[in-house]
2 protein chains.
Amino acid sequence: MERRRSEKIAQDLEEAIFDGTFADGARLDEVRLAREFGVSRTPLREAIQRLALSGLVELIPRRGAFVRQPGLAELMEMFEVMAELEAVCARFAALRISDAALLELRDANAKCLAAVEARDADAYYFENERFHKTIYRESGNAFLEEETLRLHRRLKPFRRQQLRFRGRLTQSMAEHEAVVDALEAGDAGTAAARLREHVAVQGEKFHDLRMSFRSAAE
Amino acid sequence: MERRRSEKIAQDLEEAIFDGTFADGARLDEVRLAREFGVSRTPLREAIQRLALSGLVELIPRRGAFVRQPGLAELMEMFEVMAELEAVCARFAALRISDAALLELRDANAKCLAAVEARDADAYYFENERFHKTIYRESGNAFLEEETLRLHRRLKPFRRQQLRFRGRLTQSMAEHEAVVDALEAGDAGTAAARLREHVAVQGEKFHDLRMSFRSAAE
DNA sequence: CCCCAAAATCTTGTATACAAAATGCTTGAC
DNA sequence: GTCAAGCATTTTGTATACAAGATTTTGGGG
């Protein structure tokens with residue numbers, strides 16, 4: 001826990017932006033939010049600054065902070081980079097992964113599959129995250145792990161919507177298993193390619209989803 | 001230019017940290033720096049926060065901000081990631097690069113080579129940066145471009161020391177040309193591999209350099 | 001009736017004042 | 001003499017007050 005007030009406020013605001021409480025382009029009124037959080041403007045400004053550096057809000061001098069939701073094109077780009085980063089993690093991990101981590105990946109997948117069959121969305125997400133984060137960690141490069149986690153967090157709210165696709169989940173599990181097979185075999189190229197494809201498909205599915213949303217809404 | 005005071009202070013502090021004005025672990029005294037910059041603590045704190053989010057300083061609650069120079073191990077990791085990011089840029093660029101950009105790459109290389117022969121270090125760095133940044137841009141993924149630029153900036157002070165290696169520069173130019181050849185041919189795999197190797201070598205050379213510094217200093 | 005300009009208001013950016021916490025120093029006891 | 005406890009000092013975190021710029025509103029003129 002850092003300086004807890006501005007830290008917590010930043011998290012809350014982030015959540016609110018992800019929730020869609022703040023629409024794209026909405027202005028973050030400092031005094032209003034300060035009242036709402038029951039603090040002065042100072043910690044709130046620090047929180048806003050933090051969000052600005054994360055790219056969630058745009059800071060216009062003397063004008064204020066405006067929510068900056070990524071558009072569809074930018075999201076596709078982010079998913080593309082996510083796929084590449086995970087592929088790099090997999091490539092490194094194929095050479096460096098420990099036996100214990102391989103067991104953890106198998107375990108996460110087993111529990112993930114169980115969650116799918118039990119229709120337990122929360123458990124599915126938890127185990128799915130454990131799977132991916134384990135690969136980041138086993139890349140053996142702490143900086144890469146951190147950067148990949150950063151993007152993972154940023155894309156989290158958009159990834160979440162994919163549960164709506166029936167049948168995608170079991171397919172996803174099969175892809176996970178194939179990745180682990182390649183990692184176990186120490187086949188860096190295959191592991192990278194499979195994980196890249198696995199994540200890229202998420203981006204594409206997301207694309208479809210957004211499109212259907214758009215046409216349904218307007 | 002954002003809120004210019006805290007923005008400028010952050011840049012100055014960043015520069016000072018890179019220069020080695022602040023040693024690793026040094027505390028950034030708010031009141032002292034505020035006096036030094038002739039501002040109050042408020043904009044200075046915002047600048048420090050910014051640096052903290054960039055990872056240049058560590059913020060310990062109720063203790064203060066401490067300069068956090070990356071150690072050798074972390075730097076190697078960062079160069080490793082840099083090589084991978086640039087490789088991804090090259091892979092994308094191979095499919096998307098424009099003829100104009102290819103000409104720009106050749107032009108940058110030519111001027112770079114001229115700078116080497118003229119022993120013009122500044123010109124060399126300028127053109128070298130132009131070369132790499134052009135490839136980032138031609139990846140056709142603005143988000144990837146931005147993220148790669150971020151890491152590029154962060155590694156800049158450490159890359160700068162490589163001029164000391166005689167003979168490395170002409171070799172480096174040859175590698176650049178080979179990368180452009182692959183891009184021109186649209187050979188994504190080769191372009192990626194060559195650029196990855198080019199950047200990875202920088203990291204290794206840097207490693208050697210630091211080692212020699214260490215043994216010389218202590 | 002509309003448009004332009006000036007003033008008033010609102011909001012951000014900065015400074016200062018205050019509170020809380022941590023560190024270090026001093027003093028006292030064993 | 002040393003260790004511990006309490007107090008003082010220093011420093012961060014927060015609140016509030018002040019200044020500067022931007023926007024909006026109002027009033028006057030065309």
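Here is how names work: the chains are called A, B, and so on, in the same order as the sequence lines, proteins then strands, and each is numbered from 1.
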Discussion item. Can you confirm whether more than 12 heavy atoms, excluding those of A/Phe126, are under 6.0 Å from its CZ atom?
Written reply: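 Counting neighbours around CZ of A/Phe126, 12 or fewer heavy atoms of other residues, nucleotides or ligands fall under 6.0 Å, so no.
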
Practice prompt. May I ask you to say what B/Arg32 touches in the nucleic acid, namely base, sugar-phosphate or nothing, with a heavy-atom cut-off under 4.0 Å?
Written response: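 No contact.
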
Worksheet item: How would you label the contact of A/Val31 with the nucleic acid (heavy atoms, under 4.0 Å): base, sugar-phosphate, or nothing?
Response: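 Touches nothing.
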
Rounded to whole angstrom units, what separation is found between the [atom1] atom of [X] and the [atom2] atom of [N]?
{"X": "B/Arg27", "N": "C/dG24", "atom1": "CZ", "atom2": "P", "value": "11 Å"}
{"X": "B/Glu7", "N": "C/dT12", "atom1": "CD", "atom2": "C1'", "value": "16 Å"}
{"X": "A/Glu46", "N": "C/dT12", "atom1": "CD", "atom2": "C1'", "value": "16 Å"}
{"X": "B/Leu44", "N": "C/dG13", "atom1": "CG", "atom2": "C1'", "value": "15 Å"}
{"X": "A/Asp29", "N": "C/dC10", "atom1": "CG", "atom2": "P", "value": "12 Å"}
{"X": "A/Arg45", "N": "C/dT12", "atom1": "CZ", "atom2": "P", "value": "8 Å"}

Fill in: Straight-line distance of A/Phe131 CZ to A/Leu195 CG, nearest 0.5 Å
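One gets 6.5 Å once the value is rounded to the nearest 0.5 Å.
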
Worksheet entry | Between OG on residue B/Ser139 and CD on residue A/Glu77, distance to nearest 0.5 Å |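 Going from the OG atom of B/Ser139 to the CD atom of A/Glu77 covers 8.0 Å.
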
Worksheet item: Can A/Glu84 and A/Arg196 be counted as an ion pair, charged N to O under 4.0 angstrom?
Response: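 Salt bridge flag = yes for A/Arg196 with A/Glu84.
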
Worksheet item: Under a 4.0 Å N-O cut-off, is there an ion pair linking B/Arg154 with A/Glu147?
Response: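 Between A/Glu147 and B/Arg154 there is no salt bridge, as every charged N stays at least 4.0 Å from the carboxylate O atoms.
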
Practice prompt. Classify the side-chain pair A/Glu146/A/Tyr136 by whether it contains a donor and acceptor separated by less than 3.5 Å.
Written response: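 Result is no, nothing qualifies.
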
Item to complete: Anything under 4.0 Å to a heavy atom of chain A counts; send over the first and last such nucleotide of DNA chain D, read 5' to 3'.
Response: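 Range of nucleotides touched by chain A: D/dG13 to D/dT23.
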
Fill in: Closest non-hydrogen atom pair between A/Asp24 and A/Gln69, with its separation
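Distance-wise, the nearest heavy atoms are OD1-N, 2.6 Å.
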
Discussion item. Ignoring hydrogens and geometry beyond distance, is the side chain of A/Arg63 in donor-acceptor contact with the base of C/dG13 at under 3.5 Å?
Written reply: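 No, the side chain and the base share no sub-3.5 Å donor-acceptor pair.
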
Item to complete: Using heavy atoms to find the nearest nucleotide of DNA chain D for A/Arg62 and A/Pro43 separately, return the residue whose nucleotide is more 5′.
Response: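 Closest to the 5' end, via its nearest nucleotide, is A/Pro43.
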
Worksheet item: Of B/Gly38 and A/Gly64, whose closest DNA chain C nucleotide lies nearer the 5' terminus?
Response: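 Looking at DNA chain C, the more 5' nearest nucleotide goes with A/Gly64.
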
